[in-house]
Chemist: 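Can you keep this structure in mind? I'll have questions shortly.
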Amino acid sequence: MRVDVLTIFPDYFAPLELSLIGKARTTGLLDVGVHDLRTWTHDVHRTVDDTPYGGGPGMVMRPEPWGAAFDALTPVPPDDLDLAPVLVVPTPAGQRFDQAMAHSFAGEQRLIFACGRYEGIDQRVLEEAATRMRVREVSLGDYVLFGGEVAVLVMLEAVVRLLPGVIGNADSLTEESHANGLLEAPLYTKPAVWRGREVPEVLRSGDHGKIAKWRRAQSLLRTAAQRPDMLASAAPETLDKHDVAT
Ligand SMILES: N#Cc1c(-c2ccc3ccn(Cc4ccc(CN5CCCC5)cc4)c3c2)n[nH]c1N
């Protein structure tokens with residue numbers, strides 16, 4: 001997978017050298033380019049923002065640098081938009097990012113992330129970009145950040161860990177929260193007793209059938225307690241008849 005990130009704060013992406021994303025880059029599973037948007041400015045102050053038409057708070061990112069950056073990153077217009085890169089634009093006004101969207105992005109050959117700042121990006125940038133890329137306006141959640149960089153780091157981590165070969169044990173991808181529509185069961189490790197608190201006996205029984213059943217029940221209980229909304233929207237096959245019977 002090829003990922004390009006456009007930002008006025010390229011240093012935000014130094015963490016991409018670390019941990020599993022860093023390993024994915026060194027093993028060739030992931031190729032990342034971080035680009036300073038000011039590269040595509042030409043005035044002495046390298047200006048990327050201006051006041052909003054119609055008034056309103058703050059500043060808006062000017063279209064020209066974005067247009068020139070996209071020209072450089074996507075020089076050849078696609079024959080078929082379905083084969084074009086996905087342009088991910090973090091914004092409070094976007095579709096909520098979730099595990100399903102992470103899986104969708106993980107299936108792409110190329111992702112381009114546009115990190116806005118100030119109050120956002122001139123709308124014409126997204127309109128013009130949609131002629132040569134599949135534009136996805138995405139929000140992390142119902143709160144307001146200073147810009148798109150942190151959102152891109154979160155989305156990149158969620159996507160890259162789904163790439164084949166990035167996580168050693170692929171089983172962990174199937175058992176984790178949101179992978180099967182439920183929250184994961186509680187986790188325990190050594191010591192068996194810690195400050196008077198014992199690990200549930202079933203987990204030390206060696207009976208894998210009982211352990212799986214216990215974990216399933218704990219997942220349902222945890223989801224009902226922490227995220228009843230997930231249970232309400234869970235696909236029927238997520239809640240099989242055994243769950244109700246036990
Ligand atoms: N993903 C994600 C995000 C973001 C996010 C993502 C990208 C940018 C670019 C700039 N900002 C800052 C900003 C944006 C809008 C407002 C609202 N204003 C009211 C009048 C005109 C706009 C204020 C601050 C961003 C925030 N915030 N929360 C998420 N889940």
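Both counts, for ligands and for their atoms, begin at 1 and track the order of listing.
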Chemist: To check your reading of the model: name the closest protein heavy atom to atom 24 (C) of ligand 1, its residue, and the distance in Å.
Modeler: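 Its nearest protein heavy-atom neighbour is Val144 CG1, 3.4 Å.
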Chemist: What distance separates Leu16 CG from Leu30 CG, expressed to the nearest 0.5 Å?
Modeler: 8.0 Å
Chemist: Can you tell me which portion of Ser139 lies within the under-4.0 Å heavy-atom range of ligand 1? Options are side chain, backbone, both, or neither.
Modeler: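 Looking at Ser139 and ligand 1, atoms from backbone and side chain both fall under 4.0 Å.
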Chemist: Looking at atom 25 (C) of ligand 1, what's its closest protein heavy atom, distance included?
Modeler: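 Minimum-distance protein heavy atom for atom 25 (C) of ligand 1 reads Gly147 CA, 3.6 Å.
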Chemist: Of the protein's non-hydrogen atoms, which lies at the shortest distance from atom 2 (C) of ligand 1, and what is that distance?
Modeler: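 Ranked first by proximity to atom 2 (C) of ligand 1 is Thr91 N, 3.7 Å.
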Chemist: So is Pro92 close enough to ligand 1, meaning a heavy atom under 4.0 angstrom away?
Modeler: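 It does, in that a heavy atom of Pro92 comes within the 4.0 Å cut-off of ligand 1.
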Chemist: Backbone or side chain, does any N or O of Gly141 fall under 3.5 Å from an N or O of ligand 1?
Modeler: yes
Chemist: Supply the atom-to-atom distance Phe13 CZ to Cys115 SG, rounded to the nearest 0.5 angstrom.
Modeler: 4.0 Å
Chemist: Using a 4.5 Å cut-off on heavy atoms from C-beta on, say whether the side chain of Val48 contacts that of Arg38.
Modeler: yes
Chemist: Taking Arg124 first and then Asp122, would you say they form a salt bridge - that is, a charged N and a carboxylate O separated by under 4.0 Å?
Modeler: yes
Chemist: How far does CG of Asp43 sit from CZ of Arg62, to the nearest 0.5 angstrom?
Modeler: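 If we round to the nearest 0.5 Å, Asp43:CG and Arg62:CZ are 6.5 Å apart.
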Chemist: Roughly how far, to the nearest 0.5 Å, is CE of Met133 from CZ of Phe70?
Modeler: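 One gets 4.5 Å once the value is rounded to the nearest 0.5 Å.
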Chemist: With nothing but distance in play, are any N or O atoms of Tyr143 less than 3.5 Å from an N or O of ligand 1?
Modeler: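 N/O-N/O distance under 3.5 Å: yes.
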Chemist: Among all protein heavy atoms in this structure, tell me which lies nearest to atom 26 (C) of ligand 1, with the distance rounded to 0.1 Å.
Modeler: Leu145 O, 3.5 Å
Chemist: Give the residue, atom name and distance (to 0.1 Å) of the protein heavy atom nearest atom 20 (C) of ligand 1.
Modeler: Glu119 OE1, 3.8 Å
Chemist: To which protein heavy atom is atom 7 (C) of ligand 1 closest, and what is the distance rounded to 0.1 Å?
Modeler: Pro90 O, 3.2 Å
Chemist: Look up atom CD1 in Ile121 and atom CH2 in Trp66, then write down how far apart they are to the nearest 0.5 Å.
Modeler: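 Answer for the CD1-CH2 pair, Ile121 versus Trp66, is 4.0 Å.
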Chemist: Any atoms of ligand 1 less than 4.0 Å from a non-hydrogen atom of Phe146? List them with their elements.
Modeler: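 Taking each heavy atom of Phe146 in turn, ligand 1 has 10 (C), 11 (N), 12 (C) under 4.0 Å.
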Chemist: Under a 4.5 Å side-chain heavy-atom rule over Ile, Leu, Val, Met, Phe, Trp and Tyr, are Leu182 and Trp214 clustered together?
Modeler: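 In one cluster: no.
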Chemist: CD of Glu119 to CG of Asp49: how many Å apart, nearest 0.5 Å?
Modeler: 11.0 Å
Chemist: Quick test: of every protein heavy atom, which one is nearest to atom 10 (C) of ligand 1, and how far off is it to 0.1 Å?
Modeler: Tyr118 O, 3.4 Å
Chemist: If you measure from each non-hydrogen atom of Val138 to ligand 1, which part falls under 4.0 Å: side chain, backbone, both or neither?
Modeler: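 For Val138, only backbone atoms sit under 4.0 Å from ligand 1.
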